[in-house]
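I have a structure I would like to understand better, so I am pasting it below and will then ask my questions one at a time.
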Amino acid sequence: MAEPVLELSDLVKNFGALRATDHVSIDLKPGEIHALIGPNGAGKSTLIHQICGTVRQDSGTIRFAGQDIGHLGVAERSRLGLGRTFQVSSLAPEFSALRNVMLAVQAQQGTSFGFFKPVMRDASLIDRSMAMLKRVGLQDRARLAAAELSHGERRQLEIAIALALNSKAFLLDEPMAGMGPEGSKSLTGFLDTLRQEAPILLVEHDMDAVFALADRISVLVYGRIIATGTVEEIRRDPAVRAAYLGDHA
Amino acid sequence: EPLKIGMITTLSGGGAGLGIDTRDGFMLAIKQAGNDEIEVITEDDGQKPELAVQIADKMVQSDQVDILTGIVWSNLLMAVAPSAVAQGKFYVSTNAAPAALAGENCNPLYFNAAYQNDNLHEAMGEYANKDYKKMFIMAPNYPAGKDSLTGFKRFYKGEVTSEVYTQVGQTDYAAEIAQIRASGADGVFAFLPGGMGIAFMKQYAQSGVKISIMGPGFSFSQDVLGAIGDAALGVKNSGHWAKDLDNEANKKFVEAFQAEYGRLPSIYAVQAYDAGQLIASAAAKADVKDTEAFRAELLKADIQSPRGKFKFNINQHPIQDIYVREVVKDGDVLTNKIIAPVFTDHEDAYAKDCKM
Amino acid sequence: MLLDVSKIEASYGASQALFGVDLAVAEGEAVALMGRNGMGKTTTIRAICNLNPPRAGSVRLAGTDLKGKPSHRVAKLGIGLVPEGRRCFPNLTVHENLVAAARPGAWTLDRVNVLFPRLAERHAQMARSLSGGEQQMLAIGRALMTNPRLLILDEATEGLAPVIRQAIWAAIRKLKAEGLSILVVDKTLSELLPVADRCVILENGRSVWQGPPAALTADLQDRYLGV
Amino acid sequence: MTLALALEQLLNGLQLGVMLFLMAAGLTLIFGVMGLINLAHGSLYMVGAFACAAVASATGSFWIGLIASFACAAAAGAIVELLVIRRLYDRDHLDQVLATFALILIFSEGTRWLFGSFPLYLDIPRLLQGAVALPGGAQYPVYRLAIIAAGALVALGLYLLIGKTRLGMRIRAGESDREMIGALGVDIRTLYTVVFALGAALAGFAGAMVGALQSVQVGMGEPVLILAFVVIVIGGIGSIKGALLGALLVGVVDTMGRFLLPQVLALFVPPSQAGLIGGAAASMLIYVMMALILAVKPRGLFAAAHA
Amino acid sequence: MLTRETIVNIVLAALLLAVPLAANASGQPFYVTIATRVAILALAATGLNLALGLGGLVSFGHAAFFGIGGYAAGILASHSFSGEPLLFGLSGTKQMPLIWVVAMLVAGLVGLLIGTISLRTSGVYFIMITLAFAQMVYYFAISWPAYGGEDGLSILVRNQFAGVNTMKPVSFFLICYVLLMLALGLFVLVRGSRFGSALQAARQNEVRVATVGIAPYRIRLTAFAISAAMTGLAGALYADLNRFVSPSMLSWHMSGELIVLIILGGTGRLFGPLAGAALFVIFEYLLGGLTERWQFFLGLILLATVLFARGGLLGLLAGKARHG
Ligand SMILES: Nc1ncnc2c1ncn2[C@@H]1O[C@H](COP(=O)(O)OP(=O)(O)OP(=O)(O)O)[C@@H](O)[C@H]1O
Ligand SMILES: Nc1ncnc2c1ncn2[C@@H]1O[C@H](COP(=O)(O)OP(=O)(O)OP(=O)(O)O)[C@@H](O)[C@H]1O
Ligand SMILES: CC(C)C[C@H](N)C(=O)O
Ligand SMILES: [Mg+2]
Ligand SMILES: [Mg+2]
């Protein structure tokens, strides 16, 4: 078995009296899509936040690419290769789609303390960014400000940014949300190829996509993992059906 | 060729009252002189040093004035006067008189028609010797405040129980009043010009503390008395002038000022009036372009000052009498009444360092 | 007709987004507004509510022309909006979000709490820290509390877990059965179509097709929705 | 130093705190709750004081003046909101800075135009004059006790209004998303006008109350403005409780600092030096405190949960 | 291809040069002084614009840096005049370039210090904590007697610049003008650079910047220090212009005025500070000559500008700002 790229063990996070993450241990192996599903408010986003560093865990460890990252800042973790998208799009609204991606490319190339060379004449930034936009199908919208993109397009842009980071693992928080049927379909196909580049921890409520993509599924309920297994195992699990799937199975 | 005077003073914002009295007093003198060869340009400095500098530059460079005057505040004066005299212009001060320009750095082109900043405080120090064994003294924490307490202590021989520096622009004095109450002093000397004095006096009156207050004339000048109200009644303060000073020139001046502007003059008005008279008197006899001659005429101080006698010291600051005054009610209006002279022919402490 | 939208055009600054949308919702009817990403669904809804007042065409609600009416007037005439992106008030608690703009009527706090027990559990929590799905429930509850005649849901079930989604569709059915009119945008066709009485499809800022769900053939779906 | 003096100073500090709160109360509403940067708040304070002084001297009654201060400031606030502020809600915060900066100039010069350049007379009403004996022998001015009472009442009223009423919820909702609260059927424009006018009225009321203790003159609002911002920020924006506690803290620290720093320093240097340095340090003290608090708690002491 | 904004900018830069030269030629040296004031204020505001316009760091305490620069010039000059050694046996100087370097270093370092603490906060808290630091410096300067306290410090003769007679208004103006142009050039470079991208993105969405792996704090701190240094340089020039420094350079009014200049001209726009400074100084001067109530009318004009000229003067002249 390959070493996991990302490994959470015994993660706990409390918000006051509420235990949002309750001794969670999951991992992400090379080449796989590991779906994390669970009812609203189960703690999925909170878990992603802890992996990225925007929320600090109360206890437990997070290992990524062979090192303990639990104490690092957001930017440091990102530089190690954690690429994420947000549940609610989070972009630089005044920048064009292109410049949003360029920011990621520049960060990825190493330094942001260049004071003199104009970015808009920097082919190493622009070419790569355009390539990323093309991959998500936004090449025609490259010059539009992020604020002018439609909801669905913004989701695509977020993915382009994560791609540009050359991530060693992707954390995608509901990438399908707000995508039309067509968008969902193409995104599903896209993620399917993306897993070759880096494994994906996928939080998603779109079960069609999850069932089509996931190698493994973990189910989070009230902060606790109640089941991990293959698509078939999870579909059949009565506890999961009751807590989450309902008659969607 | 006419004599051009540039008057820079504070006509807007919180300190405008002083500037307006300055302007009005000055203009009265010029008007009375009846010399249409004298032209005055007035501009507002908004009590900002940068603005004062800018206006001074303009008056010197564009309007080509011969004399600058009118600044109320020491910090603005320090921004304008040294460079004005360095460019060969006269500066005649109507109020501000920082020590820095009275001693070593005195200048042949710099005249002060008002006093030297320490003088009124010195007079209170001398006055306090008579009846007060222990004094509580306070002033705002800025150079004029420090000069004030230094001036007071220069003449006061008793014990100073505490020496308190308040914040510039402070509006609440409960903490200081509590200290006064506990100090065991038998008198309080407070230099708090403008709004600070108004606030302090009102609060002191309500506090139930009965220790008597005194201060320099600035704290109890005509411009603030109305706002302090009856709380100021009976307070002793020092001044080189008061409305009731008994001389012909003063009667004429007070009458003329009231007729012209419909209010009582303050010390700022008197000082500016004298500055105006000084310039007019010199202009009548010498050409301002002839710097030496004009300066000589100014030095003679050939004027009828409402202050009575008036002459210049070696450092071109006045030698004059200083009185203790008391705030009284004259009909409906609060005003100051002279009680007794404290100093006659008083000279300031810095003149001896002036080598001119 | 409760809502009658005819030939509206709207733009964001200089760029035009709607080029003529026609749309009607009858009393008690549920209409699905469909179209690919960026085709103008949200813009249409904003135009109806006078959040982006249309610069041509007309919008009438129960016969009243909405032209020039500020959006709060429009809301008071009976439109309840569940906006895209939820837009709960982050600095208010769940309870405050619900009651702040409530107007009297059949929908009360208790009823909303029965519909979404999760909200009752979280009533004192700041909306800022709610999970995404909880916020969606809150946004729906908040609109219901204004007791509208026409409920407009933009991305009605985005981000909700399947069980909750089913609950919401059930609720929408129930609301419809009670006579509430509904205009809804949602991407899950399989769940949307059974609820809708009629569909309106937008393409590039124009309404290009209208009809009952049954008439929405696979061919049409492929052409306009990319399914 | 006696214990009685220390106690009296502590009381002075608390009283100054309540006074600061009274001055900050209107700003809490406009800035803390509506989220509007209003540099002209001090001008509304000044308007209140001038209205009170003018009406009191015309009618001979401080109380009528007090009512006038409330009314004039409210009217000024409403006019400002309708003509200026209303157009700026959906703009950058910075536009509010420029606009309200302009309003300061207009109000200050306008007031001077109307009332002249000399400070006005406004005295404490007869009813509240003099001092009462406190247990322990000290005396305390009645008027200051009245200010404490007024401040406490305003604090309570605001707390209830913002935290407990639907009006308060709507204002807060409007702060985070004006468009949305409008889309839910709340006439946020009118509501904001009313709230702004109320904030202005509170400023005017404070100006009149405090004006009787200080000097009623053009520019009197400016030191207040900065202090009021300090108070609100220390307490945590949007929190009434925070503003009150922030005010008390500033009041006590400032008073005790002015009083104690020179005395402590006098142990090391000659008294007149101690007075100077101590005075200088005391004037910086509240800013040092503010910087420290924000360095440790970047959102103030009571980062607004609510009210 | 020239955009409208570029044309407006070129015209502004040319006007700022042409007007004083013409005034000087026609024997009106005072207008040269006014233009110098505009150039210096524009330089100070350009410094602030870096932090505020690009980085969204609304500093309400930039007067501190302006004043520190001013005092650096004043103190160095006064020590050079009196011959007393300054620190560690170092003596004062009257050489402008040296003074500038010192002013920028000191202001930059203080900026670094203030920024280190202030940047932990954000939004309105940031506005207020920067104000708090500036007030500390202000009160310190008022009550610290060594350099004149509130009375300030006079520089009797303007400092020197090799080969130029700085007392001639035009010469001094040209020095300031060149420095302003250099600063604007630097602003353009920084704005378009990687650093500038990160800085502007951090203004729009801090979390986004962190998630691509750039620590916003360090970016902002650097920007804040550069901004402080630039404003400090302007302060040193201002001291030389007035031949005087005083705590009023440090007061919150000054900070407010710098912000007002930027907004008046157009926030975040390259020539915003210059346009704003020119407008402000011209109004102040013209109105001041017309009426004693000039502040009232200045207020009205400013108000009209906010209400009717969205995006400041440049917004009016050159349309909306564009971000690549
Ligand atoms: N800062 C916070 N303070 C208090 N409670 C919080 C905070 N952040 C999250 N919570 C609570 O923690 C729980 C988990 O939230 P989280 O956002 O992780 O859910 P989720 O699984 O992503 O749900 P969804 O699928 O709806 O997005 C929720 O009940 C939420 O209200
Ligand atoms: N704020 C805005 N400024 C400028 N253009 C905008 C803005 N919002 C949307 N648009 C443009 O208007 C068009 C319609 O957008 P709209 O949001 O109405 O689409 P939609 O059908 O709701 O899409 P989605 O399903 O992705 O939410 C799109 O081309 C979009 O780029
Ligand atoms: C009005 C006076 C008290 C002014 C004082 N002489 C000063 O230097 O500022
Ligand atoms: Mg989530
Ligand atoms: Mg949409």
Side-chain angles (χ1 to χ4, degrees), chain B residues 10-21 47 137-141 145-146 149-150 153 160 162-179 181-182 194-203 205-209 222-231 263, chain D residues 1-2 4-5 8-9 11-13 15-16 19 53 108-109 112 116-124 128-133 138-144 210 212-220 222-224 251 254-256 258-259 262-263 271-272 274-280 282-283:
Chain B
T10 303
L11 299 173
S12 66
L18 279 57
I20 288 176
D21 267 3
Q47 209 174 335
I137 62 178
M138 63 193 247
N141 197 2
K146 274 164 246 173
L149 298 195
T150 316
K153 288 189 294 180
V160 172
S162 344
E163 187 171 342
V164 169
Y165 286 98
T166 60
Q167 216 164 303
V168 176
Q170 185 170 320
T171 51
D172 194 84
Y173 292 90
E176 286 75 13
I177 292 171
Q179 277 171 274
R181 192 201 307 278
M196 295 184 268
I198 300 174
F200 173 73
M201 286 309 291
K202 281 180 167 180
Q203 292 166 23
Q206 295 300 319
S207 70
V209 184
Q222 198 60 48
D223 55 307
V224 291
L225 282 180
I228 302 177
D230 291 351
R263 63 173 193 275
Chain D
M1 176 185 38
T2 62
L5 177 58
E8 185 182 349
Q9 292 292 34
L11 187 62
N12 279 333
Q15 185 272 328
L16 177 61
M19 195 151 96
S108 292
E109 265 334 282
R112 224 165 58 76
S117 302
F118 298 95
L120 295 197
Y121 173 77
L122 173 61
D123 206 9
I124 295 166
L128 301 176
Q129 288 209 345
V132 289
Q139 294 217 314
Y140 213 74
V142 179
Y143 192 71
R144 289 186 184 258
V210 178
L213 264 188
Q214 299 177 355
S215 109
V216 178
Q217 63 179 17
V218 173
M220 65 185 284
E222 288 186 7
V224 176
D254 187 50
T255 304
M256 290 318 240
R258 265 154 49 199
F259 165 57
Q263 308 214 352
S272 72
L276 277 175
I277 307 174
S283 49

Per-residue contact mode, D/Pro262 against chain B (heavy atom under 4.5 angstrom): neither
Among D/Asp254, D/Leu122, D/Asp123, D/Val142, residue most engaged with chain B (heavy-atom pairs, under 4.5 Å): D/Leu122
Checking heavy atoms, do the side chain of B/Ala182, its backbone, both or neither come under 4.5 Å from chain D? side chain
Looking only at heavy atoms, which two atoms of D/Arg112 and B/Ile20 are closest? And how far apart? NH1-CD1, 3.8 Å
Are any side-chain N or O atoms of B/Lys146 and backbone N or O atoms of D/Leu276, one a donor and one an acceptor, separated by less than 3.5 Å? no
At a 4.5 Å cut-off on heavy atoms, which part of B/Ile228 comes close to chain D: side chain, backbone, both, or neither? backbone
Of the backbone (N, CA, C, O) and the side chain (C-beta and beyond), which part of D/Leu213 lies under 4.5 Å from a heavy atom of chain B, both, or neither? both
First locate atom CZ of B/Arg181, then atom CG of D/Leu5, and finally report the distance between them rounded to the nearest 0.5 Å. 9.5 Å
Tell me, for D/Ala53 versus chain B, whether the close heavy atoms (under 4.5 Å) come from the side chain, the backbone, both or neither. neither
Would you say the side chain of D/Ile277 lies within less than 4.5 Å of the side chain of B/Tyr165, judging by non-hydrogen atoms? no
D/Phe118 and B/Gln222: CA distance, side-chain angles, deciding distance, side-chain contact (heavy atoms from CB on, under 4.5 Å) verdict: CA-CA 10 Å; D/Phe118 298 95; B/Gln222 198 60 48; over 6 Å; no
Nearest-0.5 Å distance, CD of residue D/Gln263 to OG of residue B/Ser162: 8.0 Å
Looking at chain B, which one of D/Gln9, D/Glu8, D/Arg258 has the largest number of heavy-atom pairs inside 4.5 Å, strictly under? D/Arg258
When heavy-atom pairs shorter than 4.5 Å are enumerated against chain D, which of B/Thr150, B/Asp21, B/Thr171 gives the highest number? B/Thr171
Quick check for you: among D/Ser108, D/Gly130, D/Pro223, which has the greatest number of heavy-atom pairs under 4.5 Å with chain B? D/Gly130
Once side-chain contact (heavy atoms from CB on, under 4.5 Å) is applied, do any residues pair with D/Ser283, and if so which ones, sequence neighbours excluded? B/Gln167, E/Tyr139
When the 4.5 angstrom heavy-atom criterion is applied to D/Met19 and chain B, the contacting part is side chain
Taking every non-hydrogen pair under 4.5 Å, which of D/Ala282, D/Gly278, D/Ala212 racks up the most with chain B? D/Ala212
What part of B/Asp223 gets closer than 4.5 Å to chain D, counting heavy atoms only: side chain, backbone, both or neither? both
Which heavy atom in B/Ser207 sits nearest to a heavy atom in D/Ala131, and how many Å separate them? O-CB, 3.9 Å
Spacing of D/Asn12 atom CG and B/Gln179 atom CD [to the nearest 0.5 Å]: 10.0 Å
Which atom names give the shortest non-hydrogen contact between D/Gly279 and B/Asn141, and what distance separates them? C-ND2, 3.4 Å
Can you measure from CZ (B/Phe200) to CD (D/Gln214) and round to the nearest 0.5 angstrom? 14.0 Å
Give, for atom CD of B/Glu176 and atom CZ of D/Phe259, the distance between the pair rounded to the nearest 0.5 Å. 10.5 Å
If you count heavy-atom pairs under 4.5 Å between each of B/Ala231, B/Ala227, B/Gly145 and chain D, which one has the most? B/Ala227
B/Gln206: side-chain contact (heavy atoms from CB on, under 4.5 Å) partners, not counting sequence neighbours: D/Ile124, D/Gln129, D/Pro141
Rounded to the nearest 0.5 Å, how far apart are CG of B/Leu18 and OG of D/Ser117? 10.0 Å
